[in-house]
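Step one of this worksheet: look at the structure below.
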Amino acid sequence: MVEGLPNISLEKKIVVVLVVVIILLLGMGYISYRSTDDLINREVRVAQTHHVRETIERLLYQIEDIEDKQRLDLFTGDNHFLQSSREATHSIDQVIHRLTTLTSDDQAQQQHLLVLRRLIDLRMTQLTTTIDLRNAGRLGPDQQRVQLHAGKDTMDQILILLHTMREQEQSQLITWSRQADGAASFTHAFIIGGTLGTVVLALAGGWIISYDLSKRRQAEQAVMLGQARQALILRSLPIVLYSAKGSGDYGALWVSENIERLAGFPVQRFLDDSTLWASRLHPDDRDKTLRKFNALSETTALSTEYRWQRQDGEYRWFRDQAMLVRQPDGAPQELIGLWADVTGERHANELIRRQADIIEQIQESVITVDLNGYVMSWNRGAEQLLGYTAQEAIGKHISFVYPEEDHEFLEHQVVAPVKAKGTHHVEIRRRTKSGALRFAQLSLTLLRNDSGDPIGIVGYSMDITDRKRGEEALLKSRNQLAALAVRLESVREEERGRIALEVHDVLGQALTGLKLDISWVYKQLVESHGSFEPSSVLARLAMSLKLVDATIQSVREIATTLRPSVLDQLGLEAAIEWQAQEFRHRTGIACATSISPDHIHVDAQQSTALFRILQEILTNVVRHAHATEVDIRLEETREHVVMQISDNGTGITTVEQSRPQAFGLLGMRLRTQQQGGTFDIQGTSGKGTTVTVKLPLVHTNDD
């Protein structure tokens, strides 16, 4: 049991024993006081009850004395009764008043006294009346018997009431006496028991203290050994423990022995020179550091770093963590703190900070993840490229910036190879915060700790979206050009075949007919020997002339189809007007033109390009638009020539514009690009299509 006592100090055990003894003594004193006070109160009540009984007896005696004097007065005829009755009445009043005071806490006795007072007053009145009647000579035998009878009844009531009051006091006297005897017995027993308990407790406390003293001697030896070990540990620690003044120059009161290794000064130097610490603070750090120490009265604790000059003159960075200990009245008592050289840590942190600044300044994204793929760092380049801030990205799995369909690719083609090889290069797709897809060239390196164990992956990525899209556009353009070349060759052959067919069918047939007519005329002239019929010859020649005219018209139509002469002779404005008129006549679709100014300053190449683009657009309107109206607008601005063709057809869609078979659109774009201009086509479903061609203005010689 003793071995199981709590491991507390002897002083605390003594204090506990003393507190318990004091509490017991106070408790015993309080209980003894209350029991003694109760005993005294009960004895007082016993004495008071005796006094009340004596007073009742006295009152009874006085009343009986008055009765005897009244009878004596009646028998003797002495008139001194009235004087003695007045004195007796006054004495009775005093006795009743005293009884009233003695029984003030007894409501029953108070009620009896009220009745008793009325009966005594009544009896005194009866006695006085009897004497008065006798003195007046009116007290006959009958009257005397009446008065005596009435007085006897009143006197009997007074005696009964006094007897009742006396019996009640007798009963209370017995009760209070028993209670007083019980209280006396309890007080006596409690005092004896409390005294014995205190003696036992004191003996037990003394035995415990004696036992603890023997244990303390053993503990002191262990403490001395522990202090030796502690001193050895403190000398080997890189952190100095110290106690210093709570205000003023904050001079050292105690420092651990390892301070000489950190500061170069011996321990005694700090204890002898209280200004040593403050005097060797770096000039740039002194005011700031002292302000923080002066603020300890409000903050109670501080943690700060400053430069301090060692004995060899070198300034090194120290971290100071201190706590203010106060006196009971709240005044500063001392500082307890830790002092450590953090110069190496500061240099390492500065190097890390500079490296982090360099990474932050890189325009490309640099992202670090742990081995599970969760983001640990996110530089400014990543913020700008992907749209997520560092706060939004750090802690999330890196897959959140990859399209969902690329998650398997991320695991097997990105993360797995770098874990296996240490480095890896791969092209990836990532989705920005806005939802756009971006392409990047990603270079990955496995991060390792000082032991060589992998701890994460750092990735440097260069955005190649523009290059990728340029390559795709270039490849698409090459494919379109190849397809366009094939298409142009096919169109050229078709055009050659059409022209050959038209020349063969139209011109060949016309020339054949003309040859037949000429042969017939020749035969008529030769065979008739000058006797031919002129009318038939002239008719045949007239037919030949018509055939020649038709042939000439066919030649003109073929030439116009190949290149309208109006374009070369009258210019772009007239050619557009002519083409619109031809379009109306051929298709029945209303076609309006608007040209401003009347003369457009374009060269031959631009005129040809604009005219051919117009022809291709009108052809597409007939084939695809299902329009009923076409509006052609040609205008010259300060720097451009703009041709805009609008229809009210079905409207071209984006899918139709990007179809590989859209050779007409591709050809128009190429014609426009060759002239250094821009080509734009916009379609609205159910409302029509608008094509806008804008070429840079070329100033001709006739400007």
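A donor-acceptor pair under 3.5 Å is absent between the side-chain atoms of E260 and the main chain of V267, judged by distance alone. Distance alone, capped at 3.5 Å, places no donor-acceptor pair between the H626 side chain and the T650 backbone. A distance-only check finds a donor-acceptor pair linking the side chain of Q606 to the backbone of P696 [under 3.5 Å]. Panel note: side chain H412, backbone E408; a donor-acceptor pair is recorded below 3.5 Å. Side-chain atoms of R326 come within 3.5 Å of backbone atoms of S297 as a donor-acceptor pair (strictly under, hydrogens ignored). H282 places a side-chain N or O within 3.5 Å of a backbone atom of D284 that can act as its donor or acceptor partner. Side-chain atoms of R430 never come within 3.5 Å of backbone atoms of R438 as a donor-acceptor pair (strictly under, hydrogens ignored).
No side-chain N or O of Q674 forms a donor-acceptor pair with one of R671 less than 3.5 Å apart. N258 and S256 are linked by a side-chain donor-acceptor pair at a separation below 3.5 angstrom, with hydrogens and angles left out of the test.
A centroid separation of 6.0 Å or more is found between the aromatic rings of W277 and Y242.
V630 has its side chain within reach of L618: a pair of non-hydrogen atoms, C-beta onward, lies under 4.5 Å apart. Put simply, the side chain of V621 reaches to within 4.5 Å of the side chain of F583, judged on heavy atoms. Using a 4.5 Å heavy-atom threshold, the side chains of R669 and I681 count as touching. Within the 4.5 Å cutoff, side-chain heavy atoms of Y402 are placed close to those of H407. The shortest distance between side-chain heavy atoms of Q682 and D680 falls below 4.5 Å. For the pair T672 and L695, the minimum side-chain heavy-atom distance is below 4.5 Å. Residues L410 and I398 have side chains in contact (heavy-atom distance under 4.5 Å, counting atoms from C-beta outward). In this structure, L437 and R431 have side chains that are in contact, with non-hydrogen atoms separated by less than 4.5 Å.
Taking a 6.0 Å sphere around CD of Q327, one finds it holds more than 12 heavy atoms contributed by other residues, nucleotides or ligands. Within a 6.0 Å radius of CD in Q605, other residues, nucleotides and ligands contribute 12 heavy atoms or fewer.
A salt bridge links K433 to E392: at least one charged side-chain nitrogen sits closer than 4.0 Å to a carboxylate oxygen.
Taking the six-membered ring where the residue is Trp, F270 and F265 present perpendicular rings, their angle passing 60° and hence far from 30°.
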Applying side-chain hydrogen bond (donor to acceptor under 3.5 Å, both in side chains), run through T389 and E383 and close with a yes or a no. CA-CA 5 Å; T389 64; E383 290 182 350; 5.4 Å; no
Report the C-alpha distance between D249 and S274 in whole Å, list the side-chain angles of each, state the deciding distance to 0.1 Å, and finish with yes or no for side-chain hydrogen bond (donor to acceptor under 3.5 Å, both in side chains). CA-CA 7 Å; D249 56 12; S274 63; 2.8 Å; yes
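Rounded to the nearest 0.5 angstrom, E616 CD and R612 CZ are separated by 10.5 Å. Within the model, atoms CG of L241 and CD of E257 stand 12.0 Å from one another, a figure rounded to the nearest 0.5 Å. Put simply, CD on Q413 and NE2 on H424 are 7.0 Å apart, with the number rounded to the nearest 0.5 Å. Taking OG of S365 as the start and CG of L442 as the end, the distance is 7.5 Å to the nearest 0.5 Å. With rounding to the nearest 0.5 angstrom, the CD1 atom of I589 is 10.5 Å from the CD atom of E629. Rounding to the nearest 0.5 Å gives a distance of 8.0 Å between CD1 of I645 and OG1 of T692.
For the ring pair (Phe, Tyr, Trp, His ring centres under 6.0 Å) with W339, the lone residue among Y250, W317, W308 that qualifies is W308.
For L276 against R269, the heavy-atom pair with the smallest separation is CD2-CG, 3.7 Å.
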Return a table of donor-acceptor pairs under 3.5 angstrom between the side chains of residues 368-377 and protein atoms on other chains or two or more places apart.
{"from": "T368", "atom 1": "OG1", "to": "S377", "atom 2": "OG", "distance (Å)": "2.8"}
{"from": "D370", "atom 1": "OD1", "to": "N372", "atom 2": "N", "distance (Å)": "3.0"}
{"from": "D370", "atom 1": "OD1", "to": "G373", "atom 2": "N", "distance (Å)": "2.9"}
{"from": "D370", "atom 1": "OD1", "to": "Y374", "atom 2": "N", "distance (Å)": "2.8"}
{"from": "S377", "atom 1": "OG", "to": "T368", "atom 2": "N", "distance (Å)": "3.4"}

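Pairs passing the salt bridge (Lys or Arg N to Asp or Glu O under 4.0 Å) check and including a residue from residues 312-322, sequence neighbours excluded, read E305-R319, R310-D312, E314-R316, R316-D341, R319-E345.
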